[in-house]
Structure formats: structure tokens, C-alpha cells
Number of protein chains: 2
Amino acid sequence: MTDRIRDYFKALPHEEPTLVIDLDVVRQNYLGFARALPDSRIFYAVKANPAPEILSLLASLGSCFDTASLQEIRMAQAAGASAERISFGNTIKRESDIARAYQLGVRLFAFDSDAELEKLARQAPGAKVFCRILCDGEGAEWPLSRKFGCEPRMAERLMLRAAELGLDPYGVSFHVGSQQANTMAWDAALATVGQIFRRLERLGVNLRMVNLGGGFPTRYTRDVPNAERYGFAIRDALSRHFGNRLPETIIEPGRGMVGNAGMIRSEILLISRKSDAETQRWIYLDIGKFGGLAETMDEAIRYPIETPCDGAETEGAILAGPTCDSADVLYEKRPYALPVSLEIGDLLLIGATGAYTSTYSSVAFNGFQPLRTVCI
Amino acid sequence: MTDRIRDYFKALPHEEPTLVIDLDVVRQNYLGFARALPDSRIFYAVKANPAPEILSLLASLGSCFDTASLQEIRMAQAAGASAERISFGNTIKRESDIARAYQLGVRLFAFDSDAELEKLARQAPGAKVFCRILCDGEGAEWPLSRKFGCEPRMAERLMLRAAELGLDPYGVSFHVGSQQANTMAWDAALATVGQIFRRLERLGVNLRMVNLGGGFPTRYTRDVPNAERYGFAIRDALSRHFGNRLPETIIEPGRGMVGNAGMIRSEILLISRKSDAETQRWIYLDIGKFGGLAETMDEAIRYPIETPCDGAETEGAILAGPTCDSADVLYEKRPYALPVSLEIGDLLLIGATGAYTSTYSSVAFNGFQPLRTVCI
């Protein structure tokens, strides 16, 4: 699927770790989501990878954009998205940023608290608002916390209040947790959302939209269900909980849109052992936790790695990054099986690195430049 | 101590989180280390904060520089440090970077493995090299791992080999762990280093230098011993393990040099609760884990925080950053006691943020700009 990336790298000498994105894969992913959930609007989660080429491609395909900040709104607009295709999806916004987003034409906003609703009422009168509810994220590989969302009963009160404040009480959102491998994860949340819809209807507020969030996985070292299977499970759950009165729906894929579209090439800087008696190899790369692979935190995400010696005998190695920071170790609790014959200077391809890499990269920790991105 | 920073902030409206460094404090810290360890050369760990104003000040005071990359070497030279005042202290170096550092005049290099020694022999003939040994880091607040260093017996073999390869077997380094609150932490390591010196002497190799590393703490919310007490404990340990044949020594303070010289001003973007029944406050700031406060990882570093309502009744709050990332929570396991009367828009001063903040900042996660630094 990413042979174009392999060919691109082959033609170039290695100077620094570089992320290459295959735009054809992004296109396929977009079309896959569109086929799997034909009645849902797709809001690409810009934070996953805001490369201008990705945003432009998705804008041309008709995608909408889920943005986390005023800067991301501007990026989406620069890529050709009109304001009605942009959601300001962060529940934590500077009030002046809400005002500026509204001036730019954005009319769709997330919130999960009284105070945020009051900011929206002041700065975005009449805008469509959706309330994020808490969701337990069971089955997800990237940690969820209680940071976003409120309890469903509070969401109901907030939606009533939204109407009173002159906002448009548009819908409810939730997030099942990133890299969610269980296609059934949406079902329990949709049951709750269905109840919220019905209770509010009885109180005279008609919600119209369910934001199904992201969580769609990318394939790392284990197989994951494809978009079609997620689409089937979600449509099934929607029918179960909404009957024939289906709401509008939104999905916000980020990782699922770009994760498998990227590969990072990295050079082995050092292979060593800690004592003459030990056989445990340490392999040090020119990229680590602070250069873009932050999602290896607690060894949460395990990237597939291709080496020039694939097929040869392997042995577990501890993989670490190049910085003078002892926390900059990628895989140690579960060493990574890599060919015994690897040598310093060998180039590795770290796969499925299209999402949550370039933007997590530190500004210049240890003087190392941030991860460079090339789109092909 | 940082009234100058408070005054600086008072005069300016808040637009984005900003780190302000008081250079007077950096100067005091440098002079404190120089007084505490008058016979040690001070190599400032550039990675802690590479702001050009800090590097220039330290260069003018006579400091040397511990660098982690070619870029940091160039920064130190741009600040006025001559090559003989620069140590290339990363044990993981690209071979071509060693060659470039050597061309720039650097003659002092760290290593901890055969392969790195071979690179140094090829690219930096005759250079002074020091071998880093493993050290358990007990008592340190920032996690140490086995990433750097080798077992002492292997270090001995490597130093013999360094001599054979035409390098100058100069000394041994270790690191007792960052934010090391125990002044005795150096003692056990120095006992080991003393043995290495004596065993190698019998084999005809005379080491001359002990690199005592960093680990000197800064004051966060708990008191820490001052430089004088570290100096006393270290000099005492040196006498105990080297008698009257004291080696040259190097220290590499980073956090201890700039940590307490910096304050970040941050705005409260949102205060909320997760349900109408809950009393637990969530306070969301305009800076978080990805904007420079990465050392709150696992709630390791607990920064002191000043608020406009200090003195009023307090209550524990969960503190979180502004990004759409559920991992971007600063303090949750141990909520932070903050005034009950705090409001959205209030400005907080996050103290002791001079080290390991601006460089840990992500490039543009969620579209947020990296942490800005101002030196006064």
C-alpha cells in the first residue's frame, strides 16, 4: 500500500528523520469512510496531521474539518474549506478565539460546561452547539481520561440552557477512545445519546445531530477492522437506538484517515550492550519520543518497522531515541524483535506514522530539528 | 527572587503563554556553583534551556557547555564559547556529526560503547574521551533509565581500548538522576569511579577526570539543599574515594542553573465540573503537556503556582492543558490546591519553569504555537 513511499525514500540519501505521506492512501481512506457511512458527514481531525497537502486534498474531496484552535481553522480555510465545513471541536476555547472564529464564519462549536456555553452565547450568537458527554473509552489503545465531556444528565440541562441563551441546541458528541479496535464501542454511547434525544424532545428541544467522534484505528502491528465494519456496526447501533428517526451524524476520523498513509525513515545511530556479560541489544535511532514518536509513551502504540535485513533471524532489542533524556526510550518493557544482523547506519522504515507524529515533535529538544514532512 | 519577572508580566497584556527568564538568577546560580565547587569546571547542560541570552551570559561568566548535538555545539559557539569549552556529551552520535564537531575544534566526547568508541577513533583522533557508567539514580524525581552508561567493568575495558585506538582516555562520567534531592547520591558512584581509576592505573592507563554529571535540583514545591551543601558533600566524597590524588572534575548543571530563573504566565481558559452533583473542579490552562510542561508526565514535577487570589480559601483542582488530547492533563492523581475564587481569565504564574520547558514544547500540536521565551 505504501510502495510509493518506499520508492521515494530509495531515491534519496538519508540526512534526518523524515515523514513521507502517500496522498493516495489518504484519498482511499476518505473514500472508504464515505462508503462505510454514506449518511455521515466526515470532519477530518486536523490535529492528527495538518500538512497543507493533506488538508487541500481532503477539502477537494468534500471533507469537512474538526479543528482544535483558531490556527487550525485558518489552516482549513487556507486549504479551501468554507466556514460551514468547519467545526470548532475543542471544548476549551479562549473567548476571544470564539469571537474570531465566528467572524471567520464558523457556526458549529463543541462545549461541555456552563462557562463555555456562556462564552459561546456571548461571542457566537445563534451558532449550532453540541455538547460532549463522557464515555468510558473501554477497548481503546490510547489513554482516555475524563478531561472532555460531562455526565449525560448535565448535558441535558446544558442543552436546555443553550436554547435559552439563544444558541441552536444542535446535538451531542462523544468519543469512544482513540485507536478503538472494538466496532461495538459506539453502541453503549448511542444508547445514552438516544435517551438524551428523547428526554429533551419531551422538554421541547429537538436535537438533530450526533457527533460520533473519532477513534477509528489504523493498522500498527495488529490487524484492525476496516471502515466498512465500523460503518456497519455504527449504522446498526443507530437503528437500534433511534429507530426510523435517524439523526444527522458526523464522524471525526484523524488517525484512521492518515495513520497508515505515512512512513518515517530513521537511521540506526548506535547498537550497544550495557555490559560484556549481557546479550540485550540497545538500538538507538535518530528519532525518538521527542522527535515525533510521542505515542510510544507507556509503549501504547507499537509501530511496525521494516529493516533492510527483514527475513533474517531476529532477537528482541530495546529501542531508544537520540536525545540525552533517559525518558527517550521507545520500547523496553516489551523489547522489539529485530534482525540480529542490523548494523549502525542501517535505515529503518517506521510504518503507520502518518498521524500524531509531526505535530507532537518538540521544537528543538537537544537541538534536534522537528520532524520534516513530505507529501507525495 | 523573581520579582523582576512579576513586574515584567504586570506591564504586559496576556496573549499567549510566555516563559520569562531572569538572567540575574542564572548569574547567581552560576556563581553559586562556582563557589560551591571551586575546583570543578562547570559545563552548562544546554538542553535545559538553549536561549541565546542564557548561553551568552554563561559564556561571559566563563562557563563551559555540555552539548547534545551538533546544533547545540553551534549555539554554544555562537554565544561566544571557544571549542575547548565544549563537551559533546551525548553518548549517541551520528558519525558525521562527530566529524563535524571535530572540525569545529571540539576535543571532548562522551561514549559508553564499543561502537561509539570506534566512531570517535575514526572521526576524532586523539580527542579526550570519557566513558559514562551506569548509576542507579535512587532519590531522583525525574525517571532515570538504563539508557546511558555501561557497567564499570566494561568501562575499564573500553578505556583500555580507547588508548589502543589512539584516543586520550580522559575520564569517567555518571549521572545521579535529575532533580536529585540527596546530596549523598554522588558518594556511591564516586566509590565505583575511584576503583576504576585505580584498576586502570595498575594497567598503565591514568585517567584524570571525573564528570560528576548534573542532577542538581531546583526548588519546586519542596525545599531542596543549596549548591553549597552539594559542593560540600561532593568534595567530601571525592576526598574519601581519591584521597589526596584528586582528579579534575566537571559538573553539568542544567535544571540547577536555570530552573528557578523562569516563570511562565498562563491564562485560565475554563473552569468546569463534570456533573451537577460533583464538586471536583477542572481548571484548564492555555499551556499544558504539549506546550512546554512535559515534565508533569506521571505528575513527576510539581510546579509552584501563584494566582491573583493567593491567601484565599483553597480547594483541590484537576489542572489540564488546552489541547484536544486526553493525555494533556497536568495534575489529576494529586489535585492541586488552588483558590476557590479563581475565575476564567485569571492569570497564573507557574514558577521554576526555566528548565526543560521551551524545548520540550511541541512544534504546533493542535495548531498552538510553541512556548515563547523572553530573557530579562
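No hydrogens, no waters, no symmetry mates; every other heavy atom, side chains included, goes into these values. Below, chain A is the first sequence line, B the second, and so on; all start at residue 1.
I271(A) touches chain B through its backbone: at least one of N, CA, C or O sits under 4.5 Å from a heavy atom, while the side chain does not. Neither the backbone nor the side chain of R74(A) comes within contact range of chain B, judged by heavy atoms closer than 4.5 Å. Only the side chain of L134(B) has a heavy atom closer than 4.5 Å to any heavy atom of chain A. For V363(A), the parts lying near chain B are the backbone and the side chain together; criterion is any non-hydrogen pair under 4.5 Å. There is no contact between E118(B) and chain A, counting heavy-atom distances below 4.5 Å. Only the side chain of I344(A) has a heavy atom closer than 4.5 Å to any heavy atom of chain B. Only the backbone of A364(A) comes within contact range of chain B, judged by heavy atoms closer than 4.5 Å. For T323(B), the parts lying under 4.5 angstrom from a heavy atom of chain A are both the backbone and the side chain.
Considering only heavy-atom pairs separated by less than 4.5 Å from chain B, the leading option among G292(A), S361(A), P370(A) is S361(A). Interface remark: of the candidates S69(B), S272(B), S358(B), S69(B) forms the most heavy-atom pairs closer than 4.5 Å to chain A. Between chain A and the options A277(B), C324(B), G321(B), A320(B), the largest number of non-hydrogen pairs under 4.5 Å is found for C324(B). Ranked by heavy-atom pairs under 4.5 Å with chain A, the list E332(B), R273(B), E278(B), K119(B) is led by K119(B). Counting heavy-atom pairs closer than 4.5 Å to chain A, the top residue among D276(B), I133(B), I73(B) is D276(B). With chain B as the partner, the residue from V46(A), L70(A), D286(A), V329(A) showing the most heavy-atom pairs under 4.5 Å is D286(A).
In this view, F65(A) satisfies the ring pair (Phe, Tyr, Trp, His ring centres under 6.0 Å) rule with no residue, not counting sequence neighbours.
With a 6.0 Å radius and a threshold of 12 heavy atoms from other residues, nucleotides or ligands, E15(A) has its CD atom at or below the threshold.
Scanning residues 90-99 of chain B against chain A with a 4.5 Å non-hydrogen threshold yields N90(B), T91(B), I92(B), K93(B), R94(B), sorted by number.
Looking at D112(A) and L158(A), their side chains never come closer than 4.5 Å, going by heavy atoms from C-beta outward. Put simply, the side chain of L371(A) does not reach to within 4.5 Å of the side chain of T18(A), judged on heavy atoms. Between L342(B) and L348(B), the closest side-chain pair of non-hydrogen atoms falls below 4.5 Å. Annotation: side chain of R132(B) is not in contact with side chain of N211(B) (no heavy-atom distance under 4.5 Å).
With hydrogens and angles ignored, the 3.5 Å screen pairs a side-chain donor or acceptor of Y44(A) with a backbone N or O of N49(A). Side-chain N or O atoms of S275(B) include none that pairs as donor or acceptor with a backbone N or O of E151(A) at under 3.5 Å. Side-chain atoms of S113(B) come within 3.5 Å of backbone N or O of E116(B) as a donor-acceptor pair. One N or O on the side chain of K274(B) and one on the backbone of G149(A) form a donor-acceptor pair closer than 3.5 Å.
E16(B) has no carboxylate O lying under 4.0 Å from a charged side-chain N of R265(B), or vice versa, which leaves the two without a salt bridge. Under a 4.0 Å N-O distance rule, the pair D325(B)/K147(A) does not qualify as a salt bridge. One finds a salt bridge joining R157(B) and D114(B) here, because a Lys/Arg side-chain nitrogen approaches an Asp/Glu carboxylate oxygen to under 4.0 Å.
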